Amino acid sequence: MRELLGDIDRWKSQGKRVALARVVDTEGSGPRETGAAMAVNEDGDVIGSVSGGCVESAVVGEALAILNGEQSARVVTFGYSDNEAFAVGLTCGGTIHLFIQPLEW
Amino acid sequence: MTVYTTLATRIRANQPVALATVIDGPHVGLTLLMSPEGILGGTLGDAELDRVVARDAVGELEAGRTGIRHYGPQGESTPEDLVDTPTVRVFVESFSPPPRMWIFGAVDFTAALAKVAKVLGYHVTVCDAREVFATRRRFPMADDVIVSWPAALFEKEGQVLGPRDAVCILTHDPKFDVPAIQGALRTTVGYVGVMGSRKTHAKRLERLTEVGITDPSDLARLLSPIGLDLGARTPEETAIAICAEIIARRTGRLATSLSATNGPIH
């Protein structure tokens with residue numbers, strides 16, 4: 001989060017809407033720790049990361065859908081071991097749970 | 001000030017702060033911001049839930065823990081209370097100030113170690129009693145460069161060191177490293193590494209005995225020779241060996257190659 005603050009501030013000062021995705025839980029082998037975060041603005045610009053690059057592009061799609069109001073803030077799971085999991089997996093075989101929401105607080 | 005602005009301000013000022021977010025339940029997305037002293041702003045949608053989460057977050061913040069906690073809609077938290085109650089899942093994220101590394105001795109190894117420690121997110125302090133060596137110009141990567149005797153620095157600021165922090169003593173000079181060891185052992189610092197050959201360490205143990213440091217549990221805290229056995233030679237390699245030892249001590253791992261073992265890798 002710390003490393004995202006500068007860009008988020010800049011985006012906010014430009015009046016851009018921002019979605020925040022944070023790792024809230026991991027199971028098995030996960031490349032990033034709980035609390036790892038990325039942010040996406042309404043133009044699709046991205047900062048930060050939540051995995052080793054495996055799921056970031058899928059997260060951008062989710063984040064934009066939430067910013068556009070097509071989806072509401074929610075927990076999204078990536079990985080192989082969960083039936084609800086997205087098609088996108090992690091190469092390490094672990095599972096990560098992300099909470100994605102508009103940064104409106 | 002919004003929750004975000006207050007959060008950003010505190011993170012930048014290295015002040016501890018915890019952010020709670022409802023990730024499942026009646027008010028998904030609501031946030032509550034807390035310091036060790038109490039609530040700073042926001043709400044999770046119920047005053048009682050706010051109160052209970054704030055109480056719990058103080059402990060999480062103290063331990064630097066981040067994770068999901070489960071409550072009832074009005075903050076119920078005992079297993080009996082949670083039966084037949086819809087659960088609110090709250091993600092509590094702790095933002096603690098960066099861990100500290102104090103490096104004693106302004107030598108070549110110090111510059112390399114300070115560099116690697118910065119990469120790992122440490123707040124790095126370099127301390128040496130010799131004014132000509134302990135200069136900002138020689139250690140631009142350090143957060144603080146202090147000209148002082150170790151005892152004086154520990155006396156003044158030793159209480160800030162805790163289990164997440166590290167003290168690395170690289171001086172090789174008994175009149176400097178004995179007091180640095182004495183100072184470090186009086187704190188709860190998590191890692192105390194002391195540079196020197198096995199021979200130097202044996203001699204140092206004699207000097208420590210002379211000043212009354214004989215408690216086996218104290219001596220067991222000293223890691224000397226410092227660092228993991230990587231065959232490191234240069235200052236930079238040694239810095240990696242030291243930092244790798246700090247990580248391995250924290251995680252309690254044996255630090256062999258993962259390819260030689262079968263267990264989980266994290």
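Keep in mind that this is a model prediction, so the values were computed, not measured. By convention in this document, chain letters (A, B, ...) are assigned in the order of the sequence lines, proteins followed by strands, and residues within each chain are numbered from 1.
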Please report the C-alpha distance between B:Glu236 and B:Lys115 in whole Å, then the side-chain angles of each, then the deciding distance to 0.1 Å, and finally whether the salt bridge (Lys or Arg N to Asp or Glu O under 4.0 Å) criterion is met.
CA-CA 9 Å; B:Glu236 290 73 20; B:Lys115 234 184 259 172; 5.1 Å; no
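Heavy-atom distances place the side chain of B:Leu7, and not its backbone, under 4.5 Å from chain A. Proximity to chain A (any heavy atom under 4.5 Å) is restricted, for B:Thr31, to the side chain, taken from C-beta onward. Looking at B:Tyr4, the atoms closer than 4.5 Å to chain A (heavy atoms on both sides) sit in the backbone and in the side chain alike. At a 4.5 Å heavy-atom cutoff, the contact between B:Val22 and chain A is made by backbone atoms alone.
Among A:Leu20, A:Asp25, A:Ile8, A:Leu4, the residue with the largest count of heavy-atom pairs under 4.5 Å with chain B is A:Ile8. In terms of non-hydrogen atom pairs under 4.5 Å with chain B, the most contact-rich of A:Met1, A:Gln101, A:Arg2 is A:Arg2. When A:Val24, A:Thr34, A:Leu103 are compared by the number of non-hydrogen pairs under 4.5 Å with chain B, A:Val24 comes out ahead. Ranked by heavy-atom pairs under 4.5 Å with chain A, the first of B:Val3, B:Ile23, B:Ile68 is B:Ile23.
Neither side chain, B:Asp165 nor B:His123, offers a donor N or O lying under 3.5 Å from an acceptor on the other. Side-chain N/O atoms of B:Arg100 and B:Thr125 include no donor and acceptor closer than 3.5 Å. Side chains of B:Thr66 and B:Glu60: no donor on one and acceptor on the other come within 3.5 Å.
Ring orientation note: the planes of B:Phe154 and B:Phe104 are close to parallel, at an angle under 30° on the 30°/60° scale.
Remark: A:Asp7 engages A:Arg10 in a salt bridge, criterion side-chain N to carboxylate O under 4.0 Å.
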